[in-house]
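Encoded as structure tokens, the structure appears first; notes follow it.
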Amino acid sequence: MSIMPELELKQKYSDKKGEVQIFEGVRAIKDILNEFLGMKKDRCVYGAPKIASEMIGKGWLNEYHKKRIKNKIFLKHIYNEDASDRINYLNKLPYTETRCLSKEYDSPVATEICGNNVVLILWNEKNPIAIKLTHEKLAKSYQNYFKLMWNI
């Protein structure tokens, strides 16, 4: 009796393993964003505090957005309420839509979703910390959360 049919069935229905990585520092966050650019996939973000753009640097972000727009990569971004200036600026850019959460939902954690990646970034005042999760089903689930918040 062969066990091959059973093994093939298990392989077919098993989840592919994901990957978890932890990063620290602004340089690491920039590297992740550049990696997302290279993927040439649309990106959605929610929960970004005002401090995030200040820590990365508006000059660097402006160059990032130029590259993103050149590659026709769409960005949907839900900011915390305190980032109204950033929201107004970004809404003027092509391939970009931004909104904000009401103050009661402000968070120091930004959730970035791009392709099969979910990146949780804790924007603390000294050094941001990012947890990158790579898993298709996980990313799809977070995309669904994003759509729910976007439509509220």
Donor-acceptor pair between Thr134 and Asn116 side chains, under 3.5 angstrom: no

Between Asn124 and Ile51, does the side chain to side chain contact (heavy atoms under 4.5 Å, CB included) criterion hold? Intermediate values first, please. CA-CA 8 Å; Asn124 56 39; Ile51 192 173; over 6 Å; no

Same apolar cluster (I L V M F W Y, side chains within < 4.5 Å links), Tyr105/Ile78: yes

pair Lys50-Glu54: side-chain heavy atoms closer than 4.5 Å: yes

Taking C-beta and beyond as the side chain, do Val20 and Ile131 meet within less than 4.5 Å on heavy atoms? yes

Which of Asn62, Thr98, Leu61 passes side chain to side chain contact (heavy atoms under 4.5 Å, CB included) with Tyr89? It is Asn62

Residue that, paired with Thr96, satisfies side-chain hydrogen bond (donor to acceptor under 3.5 Å, both in side chains) out of Lys76, His77, His65, Arg68: Arg68

Salt-bridged, Lys132 to Glu35, with N to O below 4.0 Å? yes

Check step by step if side chain to side chain contact (heavy atoms under 4.5 Å, CB included) holds for Leu133 and Asn117. CA-CA 6 Å; Leu133 308 157; Asn117 298 287; over 6 Å; no

Parallel, tilted or perpendicular, judged at 30° and 60°: which one describes the rings of Tyr142 and Tyr46? parallel

Quick one, Ile56 and Tyr64 - any side-chain contact, counting heavy atoms below 4.5 Å? no

Check whether any side-chain heavy atom of Val109 sits under 4.5 Å from a side-chain heavy atom of Trp123, and report yes or no. no

